[in-house]
Amino acid sequence: MSDCKNTKDTTPIPTREGQGGGSLASKYSPAEVEGKWYQYWLDNKLFSSKPDGREPYTIVIPPPNVTGVLHMGHVLNETIQDILVRHARMEGKNACWVPGTDHASIATEAKVVNRLAEQGIKKSDLTREEFLKHAWAWTEEHGGIILKQLRKLGCSCDWDRTGFTMDEIRSESVIKVFVDLYRKGLIYRGVRMVNWDPKALTALSDEEVVYKEEHTKLYYMKYYLADNVPSDFVAGEGNIVHKDEKGYYAVVATTRPETIMGDVAMCINPKDPKNQWLKGKKVIVPVVGRVIPVIEDEYVDIEFGTGCLKVTPAHDVNDYMLGEKYNLEAIDIFNDDATLSDRIAIAQQKSLAEVSVSDDFVIGLEKYVGMERFACRKQIAEDMTAAGLMEKIENYDNKIGCSERTGVPIEPKLSMQWFLKMEHLADIALSPVMNDDIQFYPAKYKNTYRHWLENIKDWCISRQLWWGHRIPAWYIEQPLSTSPRGGEGFPWGKVIVAENEEEAYKLALETYPILKTLPPAGGAGEGLGFALRQDEDALDTWFSSWLWPISLFDGIRNPGNEEIKYYYPTADLVTGPDIIFFWVARMIMAGYEYEGKMPFKHVYFTGIVRDKLGRKMSKSLGNSPDPLELIEKFGADGVRMGMMLSAPAGNDILFDESLCEQGRNFNNKIWNAFRLVKGWEVTDGGQPEAARIATQWFSAKLRLAAEELADDFSKYRLSEALMTVYKLFWDEFSSWYLEMVKPAYVDGKPQPVDRATYDATLQFFEVLLKMMHPFMPFITEELWQALYERKAGESIMQAELHLPAATDADRQLCADFETIKEIVTAVRSVRSQKNIAPKEKLTLEIVKKEDNDYASIITLQSSISKMANLSDMNIVTEKSKGSASFLVGTTEYAVPLGSLIDLDAERKKLETELQHLEGFLTSVEKKLSNERFVQNAPAAVVEMERKKQADAQQKIASIRETLASL
RNA sequence: GUCGGCAUAGCUCAGCUGGUUAGAGUAUCACCUUGACAUGGUGGGGGUCCUUGGUUCGAGUCCAAGUGUCGACACCA
């Protein structure tokens, strides 16, 4: 034991043997401990859950991307889930945490495309089947890495239940739901304006568009009048007319000059005084030479730009609406990758053929064909300026809608897509959250949720991707191998939605009996007289994620099975508020639609993990630590604690490595407390009074703490719960309890501890370990196993925390102990001020007065003696001359100092305190002398003030007395 | 622009239905290498509770306005 301090040996303790603390290293080393116990938990199937008679507690993991790697956001999220799961498990619930991964169609497909590109393979050169082979290979190669990493963190997931959004069960569930919703009339297909990602080459949902602030330009372009303007033309009052040598013109402001190629009208507000002269006119689209009408609609903002709006129905959502309203043609000028289509040149020829337009206004569009959209914007602006068609260009700050995944600006595009009607689903999902059937933590997100549901638009669920669930829709076609069959009344091109191709054939024949009249086709596999071609599109990833809490228990394919009946609804969902619409809201919809019940009872929204300067963690800033390196450095328990120390629900957390350091230090503290206790030699001697009192007090303290802890958990205040156990262990247990029961040293040798104290201490330690286990699973298991002899396969994970409820006597004892602590601290403070060594024994005098409140303290005096290192405690009526005194409550205490006393300093200290007390008394008396206070305030409050007054008066008298005697 | 949250010690945050001259962790300062732990011990200092007004016997807490800040949504081409 004596050489402990110098040892650098960090070998973890042997678990069963080696009860002697003396063999333990002075520093806790997590590395081996953590690996060892995780394997033990796995070997003994301690995470596994099967339905039984106990109350279930279920969490489904927010599935990370299958090819992702662990980042700090995951650490926060998964730590919280693990804490909740472990806590529930120790409450005796049947805890089931289901892990899994998400196929993340856009992200994964993009990664596969990139890798193929590195190998010189273009996606377009591959068939769908070939591409999917590559994608699966990639998934198997990189998939599940993140799940392995979760084990390092200590996550107690039931790994046998691991799901994947594209495995068989989940895929079949998705298809089944699609078919069902289609048959319910909630899914439809149609041409709509959608958000097009020109890099990923797919449509996106509104939620997948993020807006970015950008500095752009506002271009003011000249649209010359096509009408002959009489020479005596006079615009009315208030009109603003533009005219130059080429003629009269209107000015249109736009941020996207390249889209003029799709212009089909110019729109003004009918009430706009400055543009009245344009009513009923026709104008020439510059560069293009197309003659377009001036239309009127109040949609146009009079104040913006010049009040003239160019209408391009194919490339702007609002213009699209105008186009619908006024029956305008939509000219799509872009290819799918947002390069300029050759349709623009064709359109120009067509428009020039109709009306003759002076060459002054026209530039041949061939040169722009194939150009990238932004290059074209720059080019066309230059060309227009050169041709005198540009009035001016201004700087303009704008928010651009960009693809969440690829980051490129979205192109609004008309296309044929599949949509899910949201009205009914939003209806069933709103009220459970608003009336707290499903509780949000923090509740502020209820507003966000409501706002979204009340303004919801139909969900575009089709994606032009291959990696994902292929839409189960087939189009009826004529077989290729036979000559065209034509014929009126045949359903060529009609869509059939079914769970598989076979079903689709059946359904096609049922729906269109006329198909039965066709002679069989000749080709292989074309026994029927028609062919079915499956839709090429895949489904939005979230269309599978939204079923996750149901599909993980196979509740879609096998409704009402044992598992879904037992585990659903799940208890808690832990996720970031950034996916409240993508995922949380939609799971609630699916939950009510398919199970008739909420998918989870509580939603815990985490904050975003930022660095200590408040910046988002990102690869480019290099401010995102690698969680695995942190775990190596501080241990998983240390990292978990570092994360949780400052992570109240919903608040962003400013992560700093020093928090993990704090966590590691705490582990070390626990470790060393264990070393102390396990190093004790035990005798059958009697229990010292100080130790007897201490054990009594600490068992009361534990009961109170357990209540506090339960309260914190019930409110999902996990960082406060952690702080509760942190202080309980470090301050109450280590600094007070252990110091009180610690046997003394005699002649440099530690004395043995009595059996009663030893047993109690071990029991306390076990309770503390259980309280800390959800937060720090590894070290608590290590020490729990070493504390007592355990059976094979046993674990702290399953140890329940049974503590009797705290009693009034417990509360009183703990309150008295707070007084003791004050006295001890005051004595220590005297030592510190007077430079008296802790070893030197002191005497403490309790000054007896009428109405003194020290009665209960006297019974605890042995503890005071021990902690303050006193030789004597005397009750006196008159304190010794030359003593330092202090007040605790209304009782005066004094430490005789003899020659050590510094009268000036003592006087000064007392005067400061006196001043403070007098100020306090004044404020209390002011209150009491206010008649309205005495009349209006509750009696208890007034009584309290009177007590404060009396106490203060007593204290002041006591200090005055002391001052006088000095 | 609309809506919402937040503003308390150097930092990160508690502070419940208004009622001790406001608390914690951390940082900081002083002292201490003692015999579980210097990844430690002991003691201390540190606050105009954003501003202004109001309600009230009484406001960090309730109300209003303002300022700052963060977020959601909507966007004017």
Side-chain angles (χ1 to χ4, degrees), chain A residues 1-2 4-5 21-22 24 26-28 211 218 252-256 259 267 299-305 308-312 316 318-319 396 398-399 401 442 444-449 451-452 455 577-578 580-581 612 614 634 638 645-648 650-654 656 658-659 661-680 715 717 719-720 723 726-727 734-735 738-739 742 744-745 748-750 825 828-833 835 837-839 916 919-920 922-924 927 930-938 940-942 944-945 947-948 951:
Chain A
M1 201 67 191
S2 57
C4 261
K5 203 166 78 66
L24 303 187
S26 68
K27 287 181 170 50
Y28 171 60
Y211 289 87
L218 192 55
V252 172
T254 183
T255 53
R256 304 199 60 188
T259 62
C267 191
Y299 162 74
V300 178
D301 182 351
I302 296 172
E303 302 304 319
F304 187 89
C308 296
L309 171 73
K310 66 196 242 1
V311 182
T312 320
D316 182 279
N318 296 305
D319 290 14
Y396 185 65
N398 201 8
K399 271 187 197 148
K444 67 179 176 186
Y445 290 110
K446 281 165 75 177
N447 269 323
T448 312
Y449 181 83
H451 187 263
W452 186 70
N455 296 282
D578 50 329
I580 186 169
F581 309 137
K612 62 178 166 184
F634 301 108
L645 269 175
S646 77
N651 278 25
D652 283 2
I653 93 150
L654 304 192
D656 188 348
S658 69
L659 291 169
E661 203 179 322
Q662 197 186 341
R664 182 202 59 187
N665 294 353
F666 185 45
N667 281 317
N668 203 53
K669 185 74 187 177
I670 301 168
W671 175 258
N672 276 291
F674 183 81
R675 275 178 79 216
L676 171 70
V677 173
K678 274 298 188 175
W680 282 339
K715 292 170 180 152
R717 297 161 69 136
S719 31
E720 292 194 19
M723 190 47 72
Y726 178 79
K727 287 193 281 194
S734 299
S735 299
L738 287 179
E739 292 298 332
K742 200 155 115 182
Y745 270 66
K749 280 170 120 180
T825 302
R828 284 170 174 173
S829 179
V830 170
R831 280 181 193 280
S832 174
Q833 279 160 24
N835 256 318
K839 272 184 178 168
H916 177 257
F920 177 70
T922 310
S923 82
V924 172
K927 232 185 243 184
N930 183 340
E931 270 174 46
R932 285 187 296 178
F933 169 72
V934 181
Q935 277 167 17
N936 295 326
V941 172
V942 178
M944 182 77 81
E945 292 298 317
K947 171 133 186 19
K948 283 195 297 195
D951 285 0

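The chains referred to below are lettered A, B, ... by the order of the sequence lines, with proteins before strands, and numbering in each begins at 1.
- Between A:Phe581 and A:Trp452, the angle of the ring planes stays under 30°, which puts this pair in the parallel group of the 30/60° scheme.
- B:rG68 and B:rC29 have their P atoms separated by 36 Å, with the value rounded to a whole Å.
- Interface remark: the A:Glu739 side chain does form a donor-acceptor pair with the B:rA36 base, using a distance-only criterion of under 3.5 Å.
- Put simply, CD on A:Gln662 and CG on A:Leu645 are 5.0 Å apart, with the number rounded to the nearest 0.5 Å.
- The NZ-P distance, from A:Lys927 to B:rG18, rounds to 15 Å in whole Å.
- A:Lys749 comes within 4.0 angstrom of no nucleic acid atom, judged by non-hydrogen atoms across all strands.
- Taking atom C1' on both B:rC6 and B:rG60, the two are 14 Å apart, rounded to the nearest angstrom.
- Atom name P, nucleotides B:rU48 and B:rA22: the rounded distance is 12 Å, in whole Å.
- Within a 6.0 Å sphere centred on CD of A:Glu931, other residues, nucleotides and ligands contribute 12 heavy atoms or fewer.
- Taking atom P in both B:rC13 and B:rG71, one finds a spacing of 14 Å when rounded to whole Å.
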Here RNA chain B, pairs taken as Watson-Crick or G-U under 3.5 Å and shown with ( ), [ ] when crossing and | when to another strand, reads (((((((..((((.....[...)))).(((((.......))))).....(((((..]....))))))))))))....

Chi angles and distances behind the side-chain contact (heavy atoms from CB on, under 4.5 Å) call for A:Leu309, A:Phe304:
CA-CA 9 Å; A:Leu309 171 73; A:Phe304 187 89; over 6 Å; no

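- For the pair A:Arg664 CZ and B:rU26 C1', the computed distance is 15 Å after rounding to whole Å.
- Counting non-hydrogen atoms of other residues, nucleotides and ligands closer than 6.0 Å to CE of A:Met723 gives a total above 12.
- Taking atom CZ of A:Arg831 as the reference point, atom P of B:rG44 lies 14 Å away to the nearest angstrom.
- Here B:rA38 is the nucleotide among B:rG19, B:rA38, B:rG40 with the atom lying nearest to any side-chain atom of A:Lys27.
- Taking atom P in both B:rG54 and B:rU61, one finds a spacing of 14 Å when rounded to whole Å.
- We find that OH of A:Tyr445 is positioned 13 Å from P of B:rG5, with the value rounded to whole Å.
- At the heavy-atom level, A:Gln662 lies under 4.0 Å from the strands shown only through sugar-phosphate atoms.
- In this structure, A:Arg664 CZ and A:Phe634 CZ are separated by 6.0 Å, a value rounded to the nearest 0.5 Å.
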Take A:Lys948 and A:Asp951, measure what side-chain contact (heavy atoms from CB on, under 4.5 Å) needs, and give me the verdict at the end.
CA-CA 5 Å; A:Lys948 283 195 297 195; A:Asp951 285 0; 5.8 Å; no

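- Put simply, the side chain of A:Val934 does not reach to within 4.5 Å of the side chain of A:Glu945, judged on heavy atoms.
- To the nearest 0.5 Å, atoms OG (A:Ser829) and CD (A:Gln833) are separated by 4.0 Å.
- Side-chain atoms of A:Leu738 and A:Val677, non-hydrogen and from C-beta on, do get closer than 4.5 Å to each other.
- B:rG18 atom P lies 17 Å from atom CD of A:Glu945, rounded to whole Å.
- Remark: the separation of the C1' atoms in B:rG18 and B:rC37 is 45 Å, to the nearest Å.
- Using P as the reference atom, B:rG47 and B:rG23 are 14 Å apart when rounded to the nearest Å.
- Note on A:Arg828: a side-chain N or O is less than 4.0 Å away from OP1 or OP2 of B:rG43.
- Atom P of B:rG58 sits at a distance of 16 Å from the matching atom of B:rG53, rounded to the whole Å.
- Whole-Å rounding puts the A:Asn936 CG to B:rG19 P distance at 17 Å.
- For the atom pair NZ of A:Lys310 and SG of A:Cys267, the computed distance is 12.5 Å after rounding to the nearest 0.5 Å.
- Rounding to whole angstrom units, CG of residue A:Leu659 and C1' of B:rU26 are separated by 8 Å.
- Closest to the side chain of A:Asn668, from the set B:rG40, B:rU39, B:rU42, is B:rU39.
- The OH atom of A:Tyr445 sits 8.0 Å away from atom CD1 of A:Ile580, with the distance rounded to the nearest 0.5 Å.
- Phosphate proximity of B:rU39 to A:Lys669: absent, as no side-chain N or O sits under 4.0 Å from OP1 or OP2.
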So if I define the base as every atom that isn't primed, P, OP1 or OP2, how would nucleotides 72-77 of chain B read as a B/S/- string at a heavy-atom cutoff under 4.0 Å?
SSBBBB

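- Using a 3.5 Å distance cut-off with no hydrogens or angles, the side chains of A:Arg675 and A:Asn672 do pair a donor with an acceptor.
- Computed from coordinates, the A:Arg932 CZ to B:rC57 P distance equals 5 Å when rounded to whole Å.
- Counting non-hydrogen atoms under 4.0 angstrom, A:Thr312 reaches nothing in the nucleic acid.
- Taking for each of A:Val924 and A:Ala744 the nucleotide of RNA chain B with the nearest heavy atom, the 5'-most of the two is the partner of A:Val924.
- Among B:rA24, B:rU42, B:rU26, the nucleotide with an atom closest to any side-chain atom of A:Tyr726 is B:rU26.
- Using a 4.0 Å heavy-atom distance criterion, A:Pro938 is classed as a base contact.
- Taking 4.0 angstrom as the limit, A:Asn672 places none of its side-chain polar atoms (N or O) nearer than this to OP1 or OP2 of B:rG40.
- A:Asn665 contributes atom CG, which lies 13.5 Å from atom OH of A:Tyr28 (distance to the nearest 0.5 angstrom).
- Comparing atom distances between the A:Arg675 side chain and each of B:rG25, B:rC31, B:rC37 picks out B:rC37 as nearest.
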With the sugar-phosphate defined as primed atoms, P, OP1 and OP2, and the base as all remaining atoms, what B/S/- string results for nucleotides 7-17 of chain B, 5' to 3', for protein heavy atoms under 4.0 Å?
-----SSSS--

